[in-house]
Amino acid sequence: MPTSTEKQTEVLIAEDEESFIEALELNLSREGFVVRIARDGMEALESFKSRPADIVLLDIMLPKMSGLDVCRQIRMFSGVPIIMLTAKSTEIDTVVGLEIGADDYVTKPFRIHELISRMRAVIRRSTQEQKDAERAQSPKSTGDEIKTTNENILQIGEITLDPDRHECIVRGSEVMLPRKEFELLEQLMLHAGKVVMREVLIERIWGFDYVGDTKTLDVHVKRLRSRIEEDPSNPHFITTIRGLGYKLELPKGSK
Ligand code: CA
């Protein structure tokens with residue numbers, strides 16, 4: 001039950017099917033969310049630009065601009081939690097595969113309680129991340145090969161990561177990383193040269209309450225490799241340790 005002292009969470013819903021709109025509006029307001037509706041992709045993007053929401057629910061098949069494009073556009077300037085609403089489970093692979101940067105997805109028809117618990121989970125993680133970012137000013141424990149040039153900046157070989165500014169530089173060029181991939185790289189860099197167990201990565205990045213499929217981790221690793229590896233099919237930064245997890249390799253003869 002929402003309390004009156006709590007700031008209400010505003011959700012922007014991009015959906016064009018009236019039956020879904022009605023059900024979402026009714027159930028989410030009952031749960032204490034402030035609901036804003038956009039009936040096509042353009043409207044959703046304009047609405048978010050004029051006033052950001054705390055979380056965005058995006059249907060994929062929308063008039064004027066697809067939910068995938070809306071997500072990509074929003075990701076160019078905002079890290080707001082985004083949940084995709086997919087009509088078919090086969091669309092999930094598309095959502096994940098297209099690297100659009102959504103935080104989660106649900107398949108229609110979905111149970112409203114499942115949706116709400118996922119919404120709360122992504123909001124909680126995003127709030128926690130902000131708090132962590134604000135608090136994370138203490139120098140992290142580092143090995144010899146990890147240079148902390150400035151506060152939290154991590155540098156290993158050709159990769160430099162600045163968690164405070166959400167910047168990643170690989171071989172001299174900035175690489176845009178969606179939040180989860182950024183966190184994945186950060187976790188691996190913090191433990192560079194060591195295997196980071198799958199369960200540890202899932203827990204640190206998606207949280208204890210993660211309800212999705214563990215394949216999500218592999219999909220994110222694949223996406224991350226495609227952005228930072230010279231040859232993603234023959235990775236030399238992030239290696240798979242079968243049955244255990246992943247490892248960020250230290251540069252050969254690191255100096
Ligand atoms: Ca639709």
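Atoms within a ligand are numbered from 1 in the order they appear, just like the ligands themselves. Fair warning: this is a prediction, and the values are worked out from it, not measured in the lab.
Nearest N/O/S atom of Asp16 relative to the Ca ion (ligand 1): this is OD1. When the Ca ion (ligand 1) is compared with the N/O/S atoms of Asp59, atom OD2 turns out nearest.
Residue side and main chain included, Glu15 places no N/O/S atom under 3.0 Å of the Ca ion (ligand 1).
Here Ile55 contributes atom CD1 and Ile82 contributes atom CD1; the two are 9.5 Å apart, rounded to the nearest 0.5 Å.
The closest side-chain donor-acceptor pair between Arg225 and Thr240 falls under 3.5 angstrom.
Using a 4.0 Å cut-off between a side-chain N of Lys or Arg and a carboxylate O of Asp or Glu, Asp103 and Arg125 do not qualify as a salt bridge.
A distance-only check finds a donor-acceptor pair linking the side chain of Gln8 to the backbone of Gly32 [under 3.5 Å].
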